[in-house]
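See structure below.
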Protein chains: 2
Amino acid sequence: MTSGTSNTIEIDLFTALEDKGLRKTSARSAVLTRIESANDAFTAEQLCRDLPEVGRATVYRTIRHLVDAGALCKLPILDGAPMYSIARIEHHHHTICSKCGAIGEFRHSTVERVMRSLGKEIDGEIVGHRMEIFIICKRCLSGTNDGG
Amino acid sequence: MTSGTSNTIEIDLFTALEDKGLRKTSARSAVLTRIESANDAFTAEQLCRDLPEVGRATVYRTIRHLVDAGALCKLPILDGAPMYSIARIEHHHHTICSKCGAIGEFRHSTVERVMRSLGKEIDGEIVGHRMEIFIICKRCLSGTNDGG
DNA sequence: GATTTATTGATACTTGATATCAATTATGAT
DNA sequence: ATCATAATTGATATCAAGTATCAATAAATC
């Protein structure tokens, strides 16, 4: 089952669970492998659909563990279920296409600098931030994005 | 019923519905008046609780109309129901207390400047953005925030 | 291999939100 | 003001996302 080849991200995910003292089970392996293979952000329900052999509760639990461990980031979606993406080491932000909902990533050092200067203005202790850029993506702009 | 005094925001909300060709009913008036009196962001369920005389469906429908009309902005909350705040003319962002969930507002011109410079990096047309700062608010830091 | 303990997953439930539709109410015409 | 018409309401049912329960099962340790 895990006789696979790629071992860069998978180890991260497994390690994340190990570090929490969680057992390595086949159900969890299935979920992690599925997540690993994801190129884009995904919803919990998508995983459930793709992994009918794994119980819904387990899918949700595993996702929660990973978010908890910081291995996944949970992206709130305005109308609909949250999406998840693998947390890279570098802090980053997301672009969301207002037409098709496609999620992309970007990094921008100025954003981080702004955060630091905001500390003075804001009442309370800053523990994190999130920035989302709403766009119309290239595919939607060009009209190539029909049904997929 | 609308023999009130304040007419700055209320009119905006009513106008928003009028402009959509919607009738002025007492149920809607109750919802708008309640929203108008809100100093902070609120959830749909909060309105329902505060307005037991108005049906849940109507509360939700009215909120949807207002968001639709651009009079309210809908704020996705990571774990929980979205919150709504009256859309001011000025663009602003939100602080969210990670402990108690309290939502505040802030404005920062640098954020807007960053947005402009991001335009070059991002594939697609930017149509909007949202920034959220996660904080531990003063009340939670000081321990004053017990149960309220 | 037996024991202990975490994990699983079918099911029931919770919550936020929407669809249905008969009863009601606002608006426009008379 | 009254009537007719069409929008609105709200009790209820339903839906969707997600969580709690708990007996059965599978990992890890000995």
Side-chain angles (χ1 to χ4, degrees), chain A residues 1-2 13-35 41-69 72-85 101, chain B residues 1-3 13-35 41-69 72-85 101 103:
Chain A
M1 208 161 270
T2 39
L13 295 181
F14 274 107
T15 305
L17 297 192
E18 251 171 51
D19 289 351
K20 293 191 83 191
L22 298 170
R23 290 179 178 174
K24 181 171 176 172
T25 69
S26 63
R28 280 177 186 156
S29 294
V31 175
L32 297 194
T33 302
R34 171 57 240 276
I35 290 176
F42 53 89
T43 65
E45 287 302 315
Q46 272 165 26
L47 291 201
C48 289
R49 252 174 275 132
D50 292 354
L51 299 167
E53 74 273 19
V54 179
R56 187 181 243 61
T58 299
V59 169
Y60 275 93
R61 275 187 293 236
T62 305
I63 289 175
R64 218 184 321 145
H65 283 310
L66 291 169
V67 170
D68 230 61
L72 277 188
C73 58
K74 183 173 179 178
L75 317 168
I77 301 300
L78 200 51
D79 291 293
M83 301 194 82
Y84 300 90
S85 71
Chain B
M1 206 161 275
T2 40
S3 57
L13 297 182
F14 274 106
T15 306
L17 298 192
E18 250 171 53
D19 289 353
K20 296 193 80 192
L22 298 170
R23 290 179 178 175
K24 181 170 177 174
T25 69
S26 63
R28 279 176 185 155
S29 293
V31 174
L32 297 194
T33 302
R34 171 55 240 277
I35 290 176
F42 54 88
T43 65
E45 288 301 315
Q46 272 166 26
L47 290 202
C48 289
R49 253 174 274 132
D50 291 355
L51 299 166
E53 75 273 18
V54 178
R56 186 180 246 61
T58 300
V59 169
Y60 276 92
R61 274 187 293 234
T62 306
I63 289 175
R64 218 186 320 147
H65 283 310
L66 291 170
V67 171
D68 231 62
L72 278 187
C73 57
K74 182 174 179 177
L75 317 168
I77 300 301
L78 199 51
D79 292 292
M83 300 192 84
Y84 301 88
S85 71
I103 292 192

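Chain A is the first sequence line, chain B the second, and so forth, proteins listed ahead of strands; every chain is numbered from 1. Keep in mind the model is a prediction, meaning the values are calculated, not measured.
Of all heavy-atom pairs between A:V59 and A:A44, the closest is CG1-O, 3.9 Å. A:Y60 approaches A:C48 most closely through the heavy-atom pair CE1-SG, 4.2 Å. Contact record, B:T58 with B:A27: CG2-CB, 4.0 Å, taken as the closest heavy-atom pair.
OP1 and OP2 of D:dA27 both lie 4.0 Å or more from every side-chain N or O belonging to A:R28.
Annotation: of the two residues near DNA chain C, B:P82 and A:E53, the 5′-most nearest-nucleotide partner is A:E53.
Rounding to the nearest 0.5 Å gives a distance of 6.5 Å between CD1 of A:I35 and CG of A:L13. Atom CG in B:L72 sits 5.0 Å away from atom CZ in B:F42 (nearest 0.5 Å). Taking CZ of A:R56 as the reference point, atom CZ of A:R61 lies at 12.5 Å (rounded to 0.5 Å). A distance of 6.5 Å separates CZ of B:R34 from CG of B:L51, quoted to the nearest 0.5 Å.
The span of DNA chain C lying next to chain B, judged by atoms under 4.0 Å from heavy atoms, is bounded 5' to 3' by C:dG16 to C:dT27.
For A:R56 and D:dA20, the CZ to P distance is 16 Å, given to the nearest whole Å. Distance, A:F42 CZ to D:dA17 P: 15 Å, rounded to whole Å.
Using a 4.5 Å cut-off on side-chain heavy atoms (C-beta onward), A:L66 and A:L32 make contact. Looking only at side-chain heavy atoms (C-beta outward), A:K74 and B:D79 come within less than 4.5 Å of each other.
For the segment residues 58-69 of chain B, the set of residues with a heavy atom within less than 4.0 Å of an atom of DNA chain D comprises B:T58, B:R61, in numerical order.
Evaluation of the side chain to side chain contact (heavy atoms under 4.5 Å, CB included) rule for B:T43 yields B:E45, B:Q46, B:M83 as partners, not counting sequence neighbours. Annotation: side chain to side chain contact (heavy atoms under 4.5 Å, CB included) contacts of B:R28 (sequence neighbours excluded): B:L17, B:L22, B:R23, B:T25, B:T62, B:H65.
The rotation axes computed at either terminus of the helix from C:dG1-D:dC30 to C:dT30-D:dA1 lie 30° apart, taking five pairs at each end and rounding to 10 degrees.
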Atom pairs, N/O to N/O, protein against nucleotides 28-30 of chain D, distance under 3.5 Å?
residue: D:dA28; atom: OP1; partner: A:K24; partner atom: N; Å: 3.3

